[in-house]
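Reviewing the structure listed below.
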Amino acid sequence: MHVDMNLLTALDALLEERSVSAAAARLHLSQPAMSRTLGRIRDATGDPILVRTGRTMTLTPRALALRQEVHALVQRAHAVFAPERALDLEKLERTFTVRCHDALTTALGTRLLFAVQEQAPHVKLRLLAEPAGDTDELRHGRVDLEIGATEPALPEIRGESIGEDRLVVAVRQGHPLARGRLTARRYAEALHVTVSRRGRLRDRIDDALESQGLRRRVVAAAPTTAAAAHFARESDLVVALPARVCGPMLRALHLSALPLPLDVPEVRIVQLWHQRFESDKAHAWLRGLTREIVQAICRGEA
DNA sequence: CTGGTTCTACTACCAGACTC
DNA sequence: GAGTCTGGTAGTAGAACCAG
């Protein structure tokens with residue numbers, strides 16, 4: 001039996017995109033050409049693979065079962081045709097799009113830029129802010145690396161925990177909370193700002209307070225840690241921020257960092273990338289740099 | 001509810017490349 | 001040169017969305 005490897009590549013794109021049009025765009029084909037290829041895949045497998053459900057397409061059980069295996073086969077085939085070459089950072093010309101939580105952009109941005117410039121002078125970084133809603137930009141290749149607190153949500157997204165940070169209470173200098181021991185009750189009585197790009201007025205601190213029978217008054221949600229920190233500097237508002245990551249910003253704004261009088265788990269810092277970059281040496285080099293820098297920040301070496 | 005618009009997939013038909 | 005395969009354009013159909 002003749003096996004067309006191009007069908008395997010097309011099947012991989014179709015299974016991942018769950019859309020004939022998107023798979024066509026990925027493989028630089030026209031949509032009808034991909035539709036015909038899907039037809040050939042259907043003939044070859046004897047399964048519809050993608051079935052129409054309204055405006056979108058849904059994978060059949062057979063397609064779901066094949067997904068991982070097909071992807072692994074395509075990756076291995078690409079590895080065969082892409083001969084092993086050493087990564088030459090001196091000559092590497094590439095632009096990486098990195099999406100970061102705003103506090104992380106501030107904390108690691110300068111060190112990352114210097115490290116990249118020193119090791120790979122022709123590499124450029126495009127640093128993006130986190131969007132308000134969930135997007136598939138890693139999947140669609142519009143973002144190469146994402147660093148934040150979000151765990152991978154899709155099977156094709158790889159994730160790596162690169163650090164942990166504890167929350168502290170940021171207040172202006174001379175704030176009443178800074179005098180005497182900060183108890184959970186005194187903390188709860190203050191006026192609070194949360195940091196949420198989605199505008200959430202509630203976070204895990206509220207859960208921790210409620211477990212002690214306490215409630216706090218959140219007056220606003222700030223879109224970024226920088227905005228929240230400015231609110232705290234210019235008022236009696238208090239905001240909980242990751243200590244190490246926000247350390248330089250807190251110092252620059254002359255904010256005091258008080259220990260959070262609650263039992264709240266540390267904030268995990270995670271980097272995410274699409275599995276197609278798994279064996280990309282340049283991407284792995286960038287991941288290594290961000291990992292080193294974030295780990296140094298979390299050890300307090302910043 | 002209805003008709004127009006938009007999105008998505010499919011089919012028909014044609015052209016170019018390749019094989020025998 | 002005929003046959004086959006693949007991909008292109010043009011057009012069609014089904015479903016969802018939206019304004020009135």
Side-chain angles (χ1 to χ4, degrees), chain A residues 1-85 93-95 97-99 126 128-146 148 150-159 196-201 221 223 272-280 283:
Chain A
M1 178 192 167
H2 172 68
V3 178
D4 184 350
M5 286 300 285
N6 288 323
L7 286 188
L8 207 54
T9 311
L11 178 57
D12 184 42
L14 285 163
L15 294 180
E16 207 158 287
E17 298 291 346
R18 295 172 187 232
S19 150
V20 175
S21 300
R26 180 189 278 205
L27 299 185
H28 307 290
L29 290 176
S30 66
Q31 182 272 317
M34 182 53 77
S35 178
R36 292 181 55 123
T37 304
L38 175 56
R40 291 197 291 279
I41 291 168
R42 285 169 172 164
D43 285 343
T45 59
D47 187 273
I49 300 296
L50 283 172
V51 288
R52 199 165 175 149
T53 43
R55 265 190 179 181
T56 57
M57 300 292 265
T58 305
L59 296 183
T60 63
R62 174 92 191 276
L64 279 168
L66 288 173
R67 207 172 153 195
Q68 297 288 339
E69 191 182 353
V70 167
H71 187 75
L73 282 170
V74 171
Q75 293 283 89
R76 283 176 60 190
H78 283 160
V80 167
F81 291 109
E84 193 78 352
R85 273 191 310 193
E93 284 193 33
R94 196 153 155 184
T95 301
T97 303
V98 181
R99 192 161 67 188
R126 187 186 288 125
L128 300 184
E130 287 185 312
D134 292 320
T135 66
D136 273 350
E137 283 169 316
L138 279 176
R139 186 190 217 181
H140 293 116
R142 290 189 286 269
V143 169
D144 299 314
L145 187 64
E146 186 167 311
T150 316
E151 299 287 338
L154 294 165
E156 69 257 36
I157 303 299
R158 299 276 179 266
S196 168
R197 60 196 156 110
R198 293 184 179 82
R200 286 183 186 141
L201 293 161
L272 306 178
W273 61 93
H274 193 271
Q275 62 186 5
R276 65 176 165 276
F277 292 123
E278 187 70 20
S279 53
D280 178 334
H283 197 279

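We use all heavy atoms of the structure for the numbers below, so side chains are in, but hydrogens, waters and symmetry mates are not. Note on naming: letters A, B, ... go to the chains in the order of the sequence lines (proteins, then strands), and numbering restarts at 1 for each one. Computed from a prediction, not measured in an experiment: that's the story for all the values here.
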So if I take every side-chain heavy atom of A/Val20 and compare against B/dA9, C/dG7, B/dT11, which nucleotide ends up nearest?
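So the nucleotide nearest the side chain must be B/dA9.
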
Using a cut-off of strictly less than 4.0 Å, decide whether [X] has a side-chain nitrogen or oxygen near OP1 or OP2 of [N].
X       : N      : value
A/Ser35 : B/dT8  : no
A/Thr37 : C/dT6  : no
A/Arg36 : B/dC13 : no
A/Ser21 : B/dA9  : yes

To the nearest 0.5 Å, what is the distance between CG (A/Leu7) and CG (A/Leu14)?
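Here the rounded value is 10.0 Å.
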
A/Phe277 vs A/His283 aromatic rings, parallel, tilted or perpendicular, using cut-offs 30° and 60°?
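A/Phe277 and A/His283: parallel rings.
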
Starting at [atom1] of [X] and ending at [atom2] of [N], how long is that distance when rounded to a whole Å?
X       : N      : atom1 : atom2 : value
A/Leu14 : B/dT8  : CG    : C1'   : 13 Å
A/Leu7  : C/dC5  : CG    : C1'   : 12 Å
A/Gln31 : C/dG14 : CD    : P     : 16 Å
A/Ile49 : B/dA9  : CD1   : P     : 15 Å
A/Leu38 : B/dA9  : CG    : P     : 9 Å

Would you indicate what A/Arg42 reaches in the nucleic acid, counting non-hydrogen atoms under 4.0 angstrom: base, sugar-phosphate, or nothing?
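Sugar-phosphate contact only - A/Arg42 comes under 4.0 Å of backbone atoms but never of a base.
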
Any carboxylate oxygen within less than 4.0 angstrom of a Lys/Arg side-chain nitrogen, looking at A/Arg94 and A/Asp144?
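Result for this pair is no, no salt bridge flagged.
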
Taking the side chain as C-beta and beyond, is there a heavy-atom pair between A/Leu15 and A/His71 under 4.5 Å?
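Result no, sub-4.5 Å side-chain heavy-atom pair not found.
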
